[in-house]
Amino acid sequence: MSPEFTSDDQSKTSIQPDTQAVELQTRLRFLALSSLKGLGPAGLRDLLAFAEQEGAVCGDDDFWLLVLTLLQKQQRISTDELHTFEQRIADPIYSPSGISWPERDRVVEWLQASKDRQLLALGQDDYPLLLSEIADPPLLLYLQGDADLLHRPQLAIVGARRPTAMGLSDARAFAGALTELGWVITSGLAEGIDAAAHQGALQANASTVAVLGTGIDRCYPSRHKGLQQQIAACGLLVSEYPLGTPPRGPNFPRRNRIVSGLSLGLLVVEAALKSGSLISARLASEQGREVFAIPGSIHQAQSKGCHQLIKNGAKLTETVMDMHEELGHWLSQPSIVGQTVANDRQPELFGASSPVSRKVASLSGDQKQAAKKRESSEFSSDDAFRLWQAVEAGAGSIDELVMTCQLDPVQISQHCLMLEMQGLLVQKAGRWQVL
């Protein structure tokens with residue numbers, strides 16, 4: 001039996017004005033949807049896409065009735081799980097007696113503690129358009145600060161966690177100068193270049209967006225607590241992770257897709273050849289964003305990643321005008337940011353002509369087999385080793401790896417990104433391959 005959806009119950013004391021209550025109700029229903037076990041991000045995206053094709057308006061009652069109908073056909077979702085979900089979305093603000101939902105309680109308490117906090121769901125009108133167009137947009141965004149910044153033209157600045165003094169200076173200078181031109185600076189609040197970019201924007205009395213790899217109520221690294229508080233007051237904090245999520249290695253590479261997804265372009269300021277910044281650059285390129293890189297000394301390890309990017313199509317960047325000349329036209333039409341950016345693709349930075357691809361192509365058959373022999377001790381977990389073996393056997397897409405490894409799509413993506421950072425996997429034409 002399908003539940004009746006009501007936006008307000010007159011017999012209960014409303015905890016918020018009607019409009020805010022309806023918005024909170026919708027977002028809590030998406031919170032329940034995101035918590036379903038057995039569906040995963042890919043399944044959620046397919047579910048939402050199908051509902052849209054059927055003409056259901058995202059978030060209204062017909063939409064949720066259709067979602068329930070579709071979920072009932074999913075064999076991976078248990079009957080108990082589906083029953084709990086149905087009870088939660090029937091009245092997400094006031095759960096029926098006996099229904100425990102600690103995550104909802106924490107979210108509501110967090111939201112009510114400050115007026116500058118929001119929970120934003122994919123498909124809602126105020127969800128950032130650019131981010132919604134990437135291959136795997138987050139279903140939920142936790143926000144603290146000035147949410148209007150999500151709809152202003154942004155440029156991402158990323159780079160080494162252990163940069164040179166010159167790299168730190170460049171990051172601050174570029175961030176400050178770009179904000180004076182009208183750009184919002186976005187980064188990941190990591191040590192090194194990320195922090196310097198945020199600081200440069202704030203020192204210019206401008207705003208900056210920090211995308212976290214933890215829950216929005218956590219701070220990592222802890223030494224950035226003051227900077228994080230300053231960004232919450234003068235900019236915007238963003239996280240896709242539930243409240244209380246601690247720092248976990250795989251979360252930070254996944255966070256990078258949001259940094260690039262919110263931005264029209266991405267600048268790499270110093271990066272080693274195995275830097276996570278190169279993953280950010282690849283994600284930006286796949287999302288159709290412009291990629292820029294600052295060159296450095298040929299003797300400096302922190303410059304080699306930037307040089308590789310430049311060789312493969314990133315724009316060599318010496319001044320802020322190198323970036324502004326490419327993308328400055330977006331500042332005059334911020335309201336349509338995202339509508340045509342995907343049509344103006346950056347050259348493929350990690351395609352067949354990349355150094356990694358050329359290295360693999362140059363190996364003989366015997367050399368390739370030798371290169372592919374790996375021991376389980378080289379991997380962080382049995383699941384990571386099993387996933388690598390599946391890729392070696394020919395499973396390259398997320399769906400194929402889910403079926404082969406019987407892991408959640410989120411786990412698959414996290415393991416793949418970590419293996420890429422370790423130099424064990426590479427993604428080409430949307431498929432994972434072993435190195």
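- Not one N or O on the side chain of Arg218 forms a donor-acceptor pair closer than 3.5 Å with the backbone of Pro247.
- Side chains of Ser263 and Leu155 form no contact here, defined as non-hydrogen atoms less than 4.5 Å apart.
- Shown here is Phe252, whose CZ atom has more than 12 heavy atoms of other residues, nucleotides or ligands within 6.0 Å.
- Leu266 has its side chain out of reach of Gln287: every pair of non-hydrogen atoms, C-beta onward, lies at least 4.5 Å apart.
- A donor-acceptor distance shorter than 3.5 angstrom exists from the side chain of Ser187 to the backbone of Ile157, with no hydrogens or angles considered.
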Steps toward side-chain contact (heavy atoms from CB on, under 4.5 Å) verdict (Val268, Phe292): CA-CA 6 Å; Val268 182; Phe292 304 85; over 6 Å; no
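- Using a 4.0 Å cut-off between charged nitrogen and carboxylate oxygen, Arg257 and Glu240 count as a salt-bridge pair.
- The side-chain hydrogen bond (donor to acceptor under 3.5 Å, both in side chains) search around Thr317 returns none, not counting sequence neighbours.
- Side-chain N/O atoms of Trp388 and His415 include no donor and acceptor closer than 3.5 Å.
- Here NZ of Lys274 is found 11.5 Å from CD1 of Ile279. Values are rounded to the nearest 0.5 Å.
- Looking only at atom types and distance, the side chain of Glu103 has a donor-acceptor partner in the side chain of Ser35 under 3.5 Å away.
- Side-chain contact between Leu419 and Val434 is absent, with no heavy atoms from C-beta onward closer than 4.5 Å.
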Test log, rule ring pair (Phe, Tyr, Trp, His ring centres under 6.0 Å), inputs Phe30 and Trp64: CA-CA 10 Å; Phe30 275 102; Trp64 290 109; 5.1 Å; yes
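- No donor-acceptor pair closer than 3.5 Å links the side chain of Tyr127 to the backbone N or O of Leu141.
- Put simply, the side chain of Glu270 gets close to the backbone of Thr164: a donor and an acceptor are under 3.5 Å apart.
- Between the side chains of Ser114 and Asp116, a donor-acceptor pair is found at a separation under 3.5 Å.
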Derivation and outcome, side-chain contact (heavy atoms from CB on, under 4.5 Å), residues Trp183 and Val320: CA-CA 11 Å; Trp183 294 98; Val320 293; over 6 Å; no
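- Val158 is not listed as a side-chain neighbour of Ile193, based on a closest heavy-atom distance of 4.5 Å or more.
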Ile298 vs Lys304, side-chain contact (heavy atoms from CB on, under 4.5 Å): CA-CA, chis, key distance, verdict: CA-CA 7 Å; Ile298 60 172; Lys304 293 187 181 298; 5.8 Å; no
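- Judged by distance alone, the side chain of Ser381 and the main-chain N or O of Ala384 form a donor-acceptor pair under 3.5 Å.
- A salt bridge does not link Glu290 to Lys315: none of the charged nitrogens lies less than 4.0 Å from a carboxylate oxygen.
- In this structure, Leu140 CG and Tyr241 OH are separated by 13.0 Å, a value rounded to the nearest 0.5 Å.
- How far CG of Leu28 is from CD1 of Ile89: 12.0 Å, rounded to the nearest 0.5 Å.
- With respect to Arg27 and Asp126, a salt bridge is recorded, a charged nitrogen being found less than 4.0 Å from a carboxylate O.
- Glu191 pairs with exactly one of Arg162, Arg223, Arg161 by the side-chain hydrogen bond (donor to acceptor under 3.5 Å, both in side chains) rule, that one being Arg223.
- In this structure, His198 contributes its side chain and Ala210 its backbone to no donor-acceptor pair below 3.5 Å.
- Side-chain contact check for Asp194 versus Leu189: every heavy-atom pair is 4.5 Å or farther apart.
- Side-chain atoms of Trp432 and Leu387, non-hydrogen and from C-beta on, never get closer than 4.5 Å to each other.
- Between the side chains of Gln427 and Arg282, at least one donor N or O sits under 3.5 Å from an acceptor N or O.
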Full working for side-chain contact (heavy atoms from CB on, under 4.5 Å) between Leu267 and Phe174: CA-CA 9 Å; Leu267 172 66; Phe174 268 76; 3.7 Å; yes
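- A donor-acceptor pair under 3.5 Å is formed between the side chain of Ser207 and the backbone N or O of Cys234.
- A distance-only check finds a donor-acceptor pair linking the side chain of Arg104 to the backbone of Pro92 [under 3.5 Å].
- With sequence neighbours excluded, the residues satisfying side-chain contact (heavy atoms from CB on, under 4.5 Å) with Ala232 are Gln144, Leu237.
- Residue Arg152 holds its CZ atom at 11.5 Å from CG of Leu236, rounded to the nearest 0.5 Å.
- The only option from Glu325, Met323, Glu318 that meets the side-chain contact (heavy atoms from CB on, under 4.5 Å) definition with Met321 turns out to be Glu325.
- Atoms OG and CG, from Ser285 and Leu278 in turn, are 12.0 Å apart once rounded to the nearest 0.5 Å.
- Looking at Ser303, its side chain never comes within 3.5 Å of a backbone N or O of His299 through a donor-acceptor pair.
- Under the 3.5 Å distance criterion, with hydrogens and angles disregarded, a donor-acceptor pair is assigned to the side chains of Thr186 and Gln154.
- Without hydrogens or angle criteria, Asp322 side chain to Thr319 main chain gives a donor-acceptor distance under 3.5 Å.
- Atom CZ in Arg255 sits 10.0 Å away from atom OG in Ser239 (nearest 0.5 Å).
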